[in-house]
Amino acid sequence: MTTLQPDQATAAGLRGARRPAVSDPETIDGTIVNDPARRPPLVLGDRDFHSVTNTICGWIEMKTPPWWIALFGVSSALAGLGTAMILYLIITGVGVWGLNNPMAWGWAIVNFVWWVGIGHAGTLISAILCLFKQKWRVSINRFAEAMTIFAVICAGTFPGIHVGRVWMAWMLFPIPNSNWIWPNFRSPLLWDVFAVSTYFTVSLLFWYMGMIPDLATLRDRCLARLKQKVTVGPMWAPHPLPGFVKKATTLSLPLNKIGAYFYGVLSMGWRNSQRHWWNYEKAYILLAGVATPLVLSVHTIVSFDFAVSIIPGWHTTIFPPYFVAGAVFSGFAMVLTLLIPTRELYPGMKDFVTARTIENMCKIVTLTGSMVGFAYIMEFFIAWYGANPYEGQAFVVRAFGHYWWAYWIMFLCNVISPQVFWFKWCRTNVWFIFAISIVVNIGMWFERFVITASLSYDFMPANWAYYSPTLVDIGTYVGSMGIFMTLFLLFVRFLPMLPISEVKNVMHQAHTHLHPHDHGHGPGDHAHDLTKPGEAAERTAEGQGY
Amino acid sequence: MNDQHHNQPEAAPPAREWYEEDVIPAYGVMAEFDDVASLFSAAEKCRDKGFSSWDVYAPVPIHGMNEAMGLKPSRVSFAMAGAALTGCFGALLMQWWMGAIDYEIVVGGKPLFAWEQATPITFELSVLLGAFGALGGMFLLNKLPMWHHPIMNKERFLRVSDDRLVIAVEAIDPLFDEVETAAFLESIGGKNVELVEG
């Protein structure tokens, strides 16, 4: 929370988490193992449950870091810019954008498709990888789901303000009205309304449901601090605090009270009952089951916006799989863009988001990037093989027309750049991965632009026109990034960034009963103890509860 | 006369109702366990003893605990299937009635209603309602939200969401007895056995 210090246990937990990084060129942090018989650990640092809780909750309970305040200032200023641009658009009309007659879909639709695509990684990680039992996903799924939700919020804004008369946007939904009219259910644009709003809602439910036990953990920590009247002091203070400080600072924190209510209401009174967990796990796997086809359907339906029309260059059956692959590609790139700096900024996060997690994500980027590259080439082949002159011309102008530069930027960023991850150095060097992830995001934006710009050349050469964005277009796009970052910063500050209970669930401490005598871990581990022996004594000491 | 009066046993105080002060019955007894293995075997012993109103609390879902506790299969799937089917047929009905009955517009000479064009929205609404069914069914079966619960007043219990393992037997259980149940929990490895006030 903002102005008050965390209690000493949290401070100690975070201090303990700052260990020198292992710098082994071969295995990086010990998780890059090529031998398939060896399973690298999912949680590093010989952690027990208590230290996992302390670290992840500590990120929320610690004093607001200065970098957070700085970034929040910048991103909320950009969000303000975006809001001002949207307001200007609503007051003035869509003419403030650079739209012209053949090109009626400009940056707004480009940004919409780009943001929806980015929003695909979260549910893919939490649903599809959950069904495939990919345990490494637990350290990134909450993070990616949050990113999904914020990206879909940005995405939904664009078509909403593109309709022209924004105050009529409610007519997109089948709401009874005095005109006695209903929307046209045969239009892909209406399918899109249902697809994106369903995707947003289901992602939100999935995200919230996963967070309930962790919110309960945060609530219990707030309650315990209120009951114990724990000592507070700056994080750098010696531990335990000298007696006189203790007396002076023993108080119940008003922010703990707010926290107890905030997390308490949101956690719905979750109390970690195994009877509850039993229903919860079933509901979670069922949600993952329905979210899986949903992820694949959303960008399929977005691609119908284009493919069901008869515009040359759009009317192709390759669009649904090609859009879905591109969406996963850009989504993973965006997760990497956000994850790599966050992992550096939060102490102890590297124990959960290991080098292997990052490496696995790079492999998915290369896989989906190759699918996208294949689709680009196949589109050209079909345009030639189909022998439709309009289709052929659309592709010639795509690569060599007015927007040739956009096409080749797209090709370079999306087809060439992800191939670097075939090399081990490239997929283990985080700042290199960070750079590539940004390149991929740029490339995917240009892909959406190239597709939308097919409108620029329609059937009649007399109509052909060049489209260029206005400052309002650019301001709205940059503003949407500000909205996204603002929401994201609020998330990392106030909500558990990693799924605490899921992380605990992949640790060996949670599974001891299955193989009580053959747990296959090295000597000196504490397979039968949730707490390390040294901590048992510490636990009883005053003020150590939290 | 006087003697006789004194020898009579003193009249018992009138029985007070449960809602009167300091007669609120206890919620139950809770005990902590050291590790998952001992929790697991303790749960099996509680199940075999025949308790019906009892529960195991742990920061993670423990796999196999449903068998150790003797839980029946979860019924969340029925809630979800019901909601998803409602979404499916509701969406078909909505599209057919709105597009082909109440407000007919011919677009491009295409039929007013066909399953092909109805598929995307039918799918989306099935998923949407199914997701609400899964989450809502989970809440309903777990009797949540329940923001106040007697066991949450125990300071020790607050550590369950961190790293503690607890078994609690409720007072409404027919086999419950404050002293005996506490002794039983201790005998199966429970530590810090405590009475949970109602």
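Convention: sequence-line order gives letters A, B, ...; per-chain numbering from 1.
No other option in B/Ala118, B/Ala131, B/Ala43, B/Gly108 has as many heavy-atom pairs under 4.5 Å with chain A as B/Ala131. Taking A/Thr300, A/Val202, A/Val265 one by one and counting their heavy-atom pairs under 4.5 Å with chain B, the maximum is reached by A/Val265. Among A/Thr201, A/Val193, A/Leu286, A/Val52, the residue making the largest number of heavy-atom pairs under 4.5 Å with chain B is A/Leu286. Residue with the most contacts toward chain B among A/Tyr199, A/Phe304, A/Phe194: A/Phe194 (heavy-atom pairs, distance under 4.5 Å). Most heavy-atom pairs under 4.5 Å with chain B, from the set A/Ala216, A/Ala195, A/Ser267, A/Ser501: that is A/Ala195. The choice from A/Lys282, A/Gln274, A/Met209 that makes the most heavy-atom pairs within less than 4.5 Å of chain B is A/Gln274. Top candidate by heavy-atom pairs under 4.5 Å with chain B, chosen from A/Val308, A/Leu287, A/Val298, is A/Leu287. Ranking B/Ile105, B/Thr119, B/Asn66, B/Val166 against chain A, the residue ahead of the rest is B/Asn66, based on heavy-atom pairs under 4.5 Å.
Residue A/Phe206 does not touch chain B at all, counting heavy-atom pairs closer than 4.5 Å. Interface residue B/Trp97: only side-chain heavy atoms are found under 4.5 Å from chain A. Interface residue B/Met98: backbone and side-chain heavy atoms are both found under 4.5 Å from chain A. Within the 4.5 angstrom heavy-atom criterion, no atom of B/Phe113 approaches chain A. Proximity to chain A is limited to the backbone of B/Arg75, based on heavy atoms less than 4.5 angstrom apart. Using a 4.5 Å cut-off between heavy atoms, A/Pro188 makes no contact with chain B at all. Of the two parts of B/Met146, the backbone and the side chain both hold a non-hydrogen atom closer than 4.5 Å to a non-hydrogen atom of chain A. Of the atoms belonging to B/Leu112, heavy atoms from both backbone and side chain fall under 4.5 Å from chain A. Using a 4.5 Å cut-off between heavy atoms, A/Ile212 contacts chain B through its side chain alone, with no backbone atom that close. In this structure, the portions of A/Leu294 lying under 4.5 Å from any heavy atom of chain B include both its backbone and its side chain. Only the side chain of A/Asn184 comes within less than 4.5 Å of a heavy atom of chain B; its backbone N, CA, C and O stay farther away.
Taking the centre of each ring, B/Tyr27 and B/His149 come in below the 6.0 Å mark. A/Trp270 and B/Trp147 have their aromatic ring centers separated by at least 6.0 angstrom. For an aromatic pair to be called close, the ring centres must be under 6.0 Å apart, and A/Tyr280 with B/Phe139 fails this.
Of the charged side-chain nitrogens involved, none lies within less than 4.0 Å of a carboxylate oxygen, so that B/Asp48 and B/Lys45 do not count as a salt-bridged pair. Between B/Asp34 and B/Lys191 there is a salt bridge, since a side-chain N of the basic residue sits under 4.0 Å from a carboxylate O of the acidic one.
More than 12 heavy atoms of other residues, nucleotides or ligands shown are found within 6.0 angstrom of NZ on B/Lys154. Enclosure of atom CD1 in A/Ile310 is not indicated, since only 12 or fewer non-hydrogen atoms of other residues, nucleotides or ligands lie within 6.0 angstrom.
Of the N and O atoms on the side chains of A/Thr53 and A/Arg221, not one donor lies less than 3.5 Å from an acceptor on the other residue.
A distance-only check finds a donor-acceptor pair linking the side chain of B/Asp173 to the backbone of B/Ser53 [under 3.5 Å]. When atom types are taken as modelled, the side chain of B/Gln95 and the backbone of B/Ala91 share a donor-acceptor pair closer than 3.5 angstrom. Of the possible donor and acceptor atoms, one in the side chain of B/Asn142 sits under 3.5 Å from a partner among the backbone N and O of A/His276.
For the pair A/Leu190/B/Ile121, a side-chain contact is recorded, criterion being any heavy-atom separation below 4.5 Å from C-beta on.
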